[in-house]
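Only a predicted model underlies this, so the values are computations on that prediction, with no experimental measurement involved.
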Number of protein chains: 2
Amino acid sequence: MEIEKQEIEKRMAHFETICRKRGIKMTQQRVLIYREVACSGDHPDAEKIFQRVRERLPTVSLDTVYRTLWLLNDLGLIKTLGLGRERSRFEANLSGHHHFVCDQCGIIRDFYSTELDNFTLPDAVVDSQGKIKTTHFEVHGVCPNCVAEKTPQNSSYQ
Amino acid sequence: MEIEKQEIEKRMAHFETICRKRGIKMTQQRVLIYREVACSGDHPDAEKIFQRVRERLPTVSLDTVYRTLWLLNDLGLIKTLGLGRERSRFEANLSGHHHFVCDQCGIIRDFYSTELDNFTLPDAVVDSQGKIKTTHFEVHGVCPNCVAEKTPQNSSYQ
DNA sequence: TTTAATGCAAAAGATTTGCAACATG
DNA sequence: CATGTTGCAAATCTTTTGCATTAAA
């Protein structure tokens with residue numbers, strides 16, 4: 001699943017715009033690292049991005065890749081899958097449910113919705129993606145606590 | 001958000017059933033670790049579970065907590081939030097989209113659905129959970145590749 | 001030329017493993 | 001009692017940081 005050339009151009013242009021606007025230097029490393037993510041349809045991890053960038057720029061270091069990825073993330077140019085910088089979290093609730101994640105304090109609350117459970121994906125999606133086993137809706141936002149207080153519940157969370 | 005006593009009893013009973021059936025020893029540590037997750041409504045990470053279990057069993061060690069959590073996960077008694085054992089993965093696709101995750105080979109594919117984008121959560125959910133910013137649907141299953149081949153594309157993925 | 005960014009090496013953090021001692025069934 | 005499980009300590013793996021050097025604007 002490769003990204004279209006035109007889309008990549010668009011992304012690179014946006015990258016440049018944001019860097020200019022924020023006074024972020026467009027280094028060789030940053031351009032290559034961003035381009036690598038922009039070109040990848042497979043949601044790579046830091047190590048994989050490092051390996052791929054190194055093919056073009058053998059002197060690049062892994063710590064630069066990490067620094068750059070989080071910078072790009074903070075700039076809103078890329079996104080993280082899963083829990084981002086957080087470690088794995090666990091739950092014993094096995095009944096089908098969904099999650100509300102507070103982006104401010106990190107709290108995750110379960111909620112139930114039969115509408116969501118019964119939601120049927122378009123055939124096109126089912127056919128192209130494969131055999132579906134479970135579905136899960138994730139809502140991101142700000143929890144009532146953090147909405148009320150100006151200071152987030154847990155300020156260490158980012 | 002505490003779990004009801006009755007629900008916890010039910011979970012503990014299920015835990016016991018599975019252990020019996022699979023010939024897994026019900027050690028003090030496993031009971032306490034499972035109970036801790038079963039009682040927690042806050043989706044704790046390994047370290048937090050370790051701290052809480054240690055209050056009741058000061059000699060428990062962090063590596064036992066890790067071993068037990070993954071065991072419970074493999075037994076289907078608990079679930080992981082986020083990417084599980086995997087590291088953070090990144091994407092540059094900023095347009096609203098959803099993910100199909102193949103549980104067999106780990107591939108993650110984007111898909112689009114205006115129905116999902118326009119899906120409005122019940123008011124009750126919105127009110128109790130807070131201010132909503134983004135939503136994301138995650139579908140788990142087996143990708144066409146893995147359905148076709150008996151052997152998964154990437155057998156190292158678990 | 002000024003300031004920020006990189007690469008290196010080392011530190012820190014998180015998770016896993018080998019193994020002797022121990023507890024469970 | 002036999003075997004699987006634990007705790008410890010050490011190893012491993014991943015990510016971050018301090019600092020002198022280098023490169024971008």
Upstream residue (5' side of DNA chain D) when A46(A) and Q29(A) are each assigned their closest nucleotide |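 Taking each residue's closest nucleotide, the earlier one in sequence belongs to A46(A).
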
Assign each of K25(B) and T59(B) to its nearest nucleotide of DNA chain D by heavy atoms, then name whichever residue's nucleotide is nearer the 5' end.
->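 It is K25(B) whose nearest nucleotide is closer to the 5' end.
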
Hey, what's the ring geometry for F137(A) with F119(B), parallel, tilted or perpendicular (30° and 60° as the breaks)?
->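 Aromatic pair F137(A)/F119(B) classed perpendicular.
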
Does the distance from a Lys or Arg side-chain N to an Asp or Glu carboxylate O, for D42(B) and R52(B), drop under 4.0 Å?
->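 So D42(B) pairs with R52(B) through a salt bridge.
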
Shortest non-hydrogen contact from H99(A) to H43(B)?
->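 So the minimum-distance heavy-atom pair works out to NE2-NE2, 3.6 Å.
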
Are Y34(B) and F15(B) close enough that their ring centres sit under 6.0 Å apart?
->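 Yes, they do, as the ring centres are separated by less than 6.0 Å.
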
Length of the [atom1]-[atom2] vector between [X] and [N], whole Å:
X	N	atom1	atom2	value
I33(A)	dG7(C)	CD1	C1'	12 Å
R20(A)	dA24(D)	CZ	P	13 Å
Q28(B)	dT5(D)	CD	C1'	12 Å
L32(A)	dG7(C)	CG	C1'	16 Å
L72(A)	dA5(C)	CG	P	12 Å
L62(A)	dT17(D)	CG	P	14 Å
D63(B)	dC19(C)	CG	P	15 Å
L75(B)	dT5(D)	CG	C1'	14 Å

Mind checking [X] for me? I need base, sugar-phosphate or nothing, with any heavy atom below 4.0 Å counting as a touch.
X	value
T27(A)	sugar-phosphate
R30(B)	sugar-phosphate
R67(B)	base

Does S61(A) place a side-chain N or O at less than 4.0 Å from the phosphate oxygens OP1/OP2 of dT6(C)?
->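 No, because none of the side-chain N or O atoms of S61(A) sits under 4.0 Å from OP1 or OP2 of dT6(C).
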
Distance-only donor-acceptor check, side chains T120(B) and N118(B), under 3.5 Å =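 No, no side-chain donor-acceptor contact under 3.5 Å.
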
